[in-house]
Amino acid sequence: MTMTVAIVGRPNVGKSTLFNRLVGKRLALVDDRPGVTRDRREGDARLGHLSFRIIDTAGLEEAKAESLEGRMRAQTEAAIADADVLLFMIDAKAGLTPSDRAFGELARRSGKHTILVANKAEAKGSESGTLDAYSLGLGEPVELSAEHGDGMGDLLRALALCVPDEGDEEDDPEAGRRIRVAVLGRPNAGKSTLINALLGEDRLLTGPEAGITRDSIAVDVERHGVELRVFDTAGMRKRARIDDKLEKLSVADGLRAARFAEVVIVLMDATHPFEEQDLRIADLVEREGRAVVLAISKSDLVKDQQGFVTRMREEADDRLSQVKGAPVVLVSGLTGEGLDRLVRAVQQAHDVWNRRVATNPLNRWLIETTDQHPPPAVSGRRIKLRYITQPKARPPSFVLFCSRADALPESYVRYLVNNLRSSFDLPGVPIRLTLREKDNPYAEKE
């Protein structure tokens, strides 16, 4: 069984920097200001011959339970409860603070095996901070620099005493079968609340404040036999309104999650659906080639739900013609309404995204379609559409061989794409249609 290790400590001591080094990727956002991390983020870590699960946590702060800082602390305490080993980190350069002592006592009371880590040990004057750390009563501190990688060998030796060597185990084959789903939307649309409802627990930090989520947090969800890996992302505002560096990093992290997803849920607020930013986000997802599911949150505020959904579907087809037929699902993270429909819609969108069409039906379709509406003549010469095939899926991509590919009007290409979508039942996914000209075998001959 894989051991779980949680990195804890007060804000701005370097927890996320160490997390990124152990997982070998820049997963967690890092900045000089304190309090960047809010949710707990998990990853697969490797240090030397050891493999383990690592959890990055928010900085521990004294605060009221109902405040944002208090809810962040509750998330960290949940991570401590789930962990087998704690890496309690202090800033050796700054020395011990009253907060370090208070939270050192919290780590001791947890009963978990705790390794004291003195970070920023490369800094001048860090020796006195390291010596002060002995007074915490958590044993000998491991001196390291998470930013530069110094002292990782000492951390390996400390972890080896409590983390079993699992050797070179193969990755879990079940994990690769999960559908990767990213949830995108404007700030305060209810993304984290929706994912918590799917999980059935308060895994992600939520609240009335807009912009709580910063990192893109991945959680595994299984509902009615459908296995998902769902990525919560930061709310996306208009680019012109973003002037904070940290918000730019958060949005970039969310865009990266969308690029690696297979299905993207575009979450809209039922009180203000299909605003300009919602359409921009959906268009971005289409350009990235991902399947789209449109979810309308806060369904508990909608009275005539059936009529509302019908209107939303009509508006979606009208304003998002590039993903025409995308499923529209009314959901509520507070009441749990619509969650099963949402999961089914994600599964169906994933199936369509992976769909392949045989070449024979495609070419029969091409003949029928061009007979009904032939391509226009350009400069007095008719464009010939000769052959079509689908070289790949994810998303469905087609290659059409024709004469004078550069002269075929964009309006006729849209006609072909829309006809492909309706004829072969490809709703809600981007369709790529590439035009190619066959080489003329007599072009080089005199």
Side-chain angles (χ1 to χ4, degrees), residues 27 39 41-44 172-186 189-201 203-206 213 215-236 250-268 278 281-297 299 316 320 323 325-333 336-355 393-396 426-430:
L27 292 181
D39 280 295
R41 176 191 278 275
E42 300 181 12
D44 294 317
D172 182 7
E174 294 298 321
R177 297 175 189 167
R178 291 184 180 273
I179 301 173
R180 295 193 300 276
V181 182
V183 183
L184 269 60
R186 291 181 285 120
K191 298 180 291 296
S192 299
T193 304
L194 174 66
I195 297 173
N196 282 343
L198 285 170
L199 280 170
E201 60 175 289
R203 169 62 180 82
L204 301 171
L205 194 63
T206 61
T213 302
D215 290 280
S216 297
I217 307 297
V219 297
D220 290 340
V221 175
E222 183 173 354
R223 200 175 182 94
H224 301 300
V226 181
E227 296 183 345
L228 311 175
R229 175 155 292 167
V230 185
F231 292 81
D232 186 24
T233 64
M236 296 182 181
S250 299
V251 171
D253 201 30
L255 294 176
R256 186 166 59 249
R259 292 187 187 104
F260 285 99
E262 297 168 313
V263 180
V264 175
I265 298 173
V266 178
L267 191 65
M268 295 177 279
D278 296 325
I281 293 171
D283 185 62
L284 168 72
V285 174
E286 189 275 337
R287 283 187 276 117
E288 290 294 337
R290 306 298 170 231
V292 178
V293 173
L294 302 174
I296 314 292
S297 68
S299 66
L320 294 171
V323 287
V328 178
V329 184
L330 199 59
V331 297
S332 171
E337 182 182 356
L339 298 183
D340 292 341
R341 291 195 299 272
L342 180 64
V343 171
R344 285 196 297 271
V346 167
Q347 185 181 35
Q348 290 166 5
H350 183 260
D351 292 342
V352 174
W353 192 64
N354 284 275
R355 186 169 298 165
R394 304 166 67 90
L426 300 170
V429 298

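This one's a predicted model, so the numbers in the text were calculated from it and none came from an experiment.
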Nearest-0.5 Å distance that lies between atom [atom1] in [X] and atom [atom2] in [Y]:
X      : Y      : atom1 : atom2 : result
Arg290 : Arg394 : CZ    : CZ    : 8.5 Å
Leu198 : Thr193 : CG    : OG1   : 11.0 Å
Leu255 : Leu184 : CG    : CG    : 7.0 Å
Ile217 : Asp232 : CD1   : CG    : 7.5 Å
Leu330 : Arg341 : CG    : CZ    : 7.0 Å

Can you give me the closest heavy-atom contact between [X] and [Y], atom names plus distance?
X      : Y      : value
Gly254 : Met236 : C-CE, 3.9 Å
Gly289 : Pro395 : O-CD, 3.5 Å
Val263 : Ile179 : CG2-CG2, 4.1 Å
Gly338 : Val329 : O-CG1, 3.8 Å
Ala326 : Val292 : CB-O, 3.8 Å
Ala349 : Val429 : O-CG1, 4.1 Å

Heavy-atom donor-acceptor pair, [X] side chain to [Y] backbone, under 3.5 Å:
X      : Y      : answer
Glu262 : Arg180 : yes
Arg186 : Asp278 : no
Ser297 : Ser332 : no
Arg355 : Pro396 : no

Find out whether [X] and [Y] are in side-chain contact, i.e. whether some heavy atom of one side chain is under 4.5 Å from a heavy atom of the other.
X      : Y      : answer
Val181 : Ile265 : yes
Ile195 : Val183 : yes
Glu227 : Asp220 : no

- Quick one: side-chain hydrogen bond (donor to acceptor under 3.5 Å, both in side chains) partners of Arg259, sequence neighbours excluded? Glu288

- Task: Would you check, one step at a time, whether the test side-chain contact (heavy atoms from CB on, under 4.5 Å) holds for Val221 with Val343?
- Result: CA-CA 10 Å; Val221 175; Val343 171; 5.7 Å; no

- Query: Looking at Val264, Val266, Leu267, which hits side chain to side chain contact (heavy atoms under 4.5 Å, CB included) with Ile281?
  - Reply: Val266

- Please assess Leu339 against Leu194 for the test side-chain contact (heavy atoms from CB on, under 4.5 Å), listing each intermediate value before the final yes or no. CA-CA 8 Å; Leu339 298 183; Leu194 174 66; 3.5 Å; yes

